[in-house]
Amino acid sequence: MFNSYEELSAYSAELVAGVVRQKEDAVLGLATGSSPMGLYEELIKLYDDGNLDFSKVKSINLDEYVGLDGTHNQSYRYFMDLNLFNHINIDKNNTHVPDGVAEDLQKGAEEYDELIDSMGGIDVQILGIGPNGHIGFNEPAEQLNLNTHVADLTQETIKANARFFASESDVPTQAVTMGMGPIMKAKKVILIASGENKAWAVKSLTDDVITTLIPATLLKLHSDVTVLLDRGAASQLDEK
Ligand code: F6R
């Protein structure tokens, strides 16, 4: 647990940097949203200071809204370019975000899984967590998908993400998301949670239960997960 989001972010960047320094062509699984913003700022600093080289790094993002192309300022491709890729020496051809406007979304999803396989899987997967425990856009459900698929966003997620749009009705209702398979197969997972609205979901990571109704709980089965919390996100955990 970190006293501030800034400290958390600096630490997360050192973890990611460690992976890249060990393997110059590492595959980074990336997330969008508020949680990894500080991580991306810190990675840019490391690059600016000459301490990190992304020239051989490859990236694969978790998800993209259906209906938004990469030029839309709320698309996740736009987010990644704006907040990370435009500021480091990564080859954009090596960066991948699902296509939210593919004519055939299902085919696009299958190709995304083939792409992940062809990259040899993910070396380190960055995750945020939804207030409802979603990871990627694998939303709480009786069953979860292994593979990339088109997901209906829950009302709670639409509400949570409305802050980025002019109004709630502008939030897309579907997304193309990586399934649980590549996330669980990633060699290393770093989950970042910041703020009290994540406290309930974070608490669910500490009990004895695994349930598809809180998808992040499946991470308890992964052998290398680092969960980074600020005070707000840790606020429902018992002091030990
Ligand atoms: C984003 C993603 C989502 C977010 C989650 C938390 O690519 O896959 O699972 O990580 O909704 O969002 P923030 O960080 O904005 O609170």
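In this text, all values refer to a predicted model and were calculated from it rather than measured experimentally. Counting starts at 1 for both ligands and their atoms, in listed order.
Taking the charged nitrogens against the carboxylate oxygens, Asp207 and Lys220 do have a contact shorter than 4.0 Å, which makes a salt bridge. Between Lys45 and Glu41 no salt bridge is recorded (no basic side-chain N to carboxylate O distance below 4.0 Å). Using a cut-off of 4.0 Å between Lys/Arg side-chain N and Asp/Glu carboxylate O, Glu168 and Arg163 are scored as not salt-bridged.
To the nearest 0.5 Å, atoms CG (Leu218) and CD1 (Ile135) are separated by 7.0 Å.
Ring geometry, Phe137 versus Tyr76: the interplanar angle falls under 30°, so the pair is classed parallel (tilted spans 30 to 60°).
Between Ile183 and Val189 the shortest heavy-atom distance is O-CG2, 3.8 Å. Across all their heavy atoms, Ala26 and Val19 have their closest contact at CB-CG1, 4.0 Å. Taking all atoms of both residues into account, the shortest heavy-atom contact from Met80 to Ala31 is SD-O, 3.9 Å. Pairing each heavy atom of Lys92 with each of Asn86, the nearest pair is NZ-OD1, 2.7 Å.
Using a non-hydrogen distance threshold of 4.0 Å, Met37 does not register as a contact of ligand 1.
On a distance-only criterion, Tyr76 and ligand 1 share no N/O pair closer than 3.5 Å. The shortest N or O to N or O distance between Asn161 and ligand 1 is not below 3.5 Å. Close N/O approach between Gly136 and ligand 1 is found [any backbone or side-chain N/O within under 3.5 Å].
Every atom of ligand 1 with a heavy atom of Gly33 under 4.0 Å away is listed here by number and element: 14 (O), 15 (O). Listed by number with element, the atoms of ligand 1 under 4.0 angstrom from any heavy atom of Leu62 are 8 (O). Every atom of ligand 1 is numbered from 1 in the order shown, and the set under 4.0 Å from a heavy atom of Ser34 is 13 (P), 14 (O), 15 (O).
For atom 10 (O) of ligand 1, the closest non-hydrogen atom on the protein side is Gly128 CA, 3.3 Å. Ranking the protein heavy atoms by distance from atom 5 (C) of ligand 1 puts His134 NE2, 3.3 Å first. For atom 1 (C) of ligand 1, the closest non-hydrogen atom of the protein is Thr32 OG1, 3.2 Å. For atom 16 (O) of ligand 1, the closest non-hydrogen atom of the protein is Lys198 NZ, 2.6 Å. Among protein heavy atoms, atom 14 (O) of ligand 1 sits closest to Ser35 OG, 2.5 Å.
Residue contacts with ligand 1, taken as heavy atom pairs separated by less than 4.0 Å, involve Arg163 solely via side-chain atoms from C-beta onward. At a 4.0 Å heavy-atom cut-off, ligand 1 touches Ile129 through the backbone alone.
The residue among Asp63, Ile192, Leu191 with a heavy atom at the shortest distance from atom 7 (O) of ligand 1 is Asp63.
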- Message: Apply side chain to side chain contact (heavy atoms under 4.5 Å, CB included) to residues Tyr11 and Glu6 and explain how you reach the verdict.
- Response: CA-CA 9 Å; Tyr11 185 82; Glu6 290 67 31; over 6 Å; no
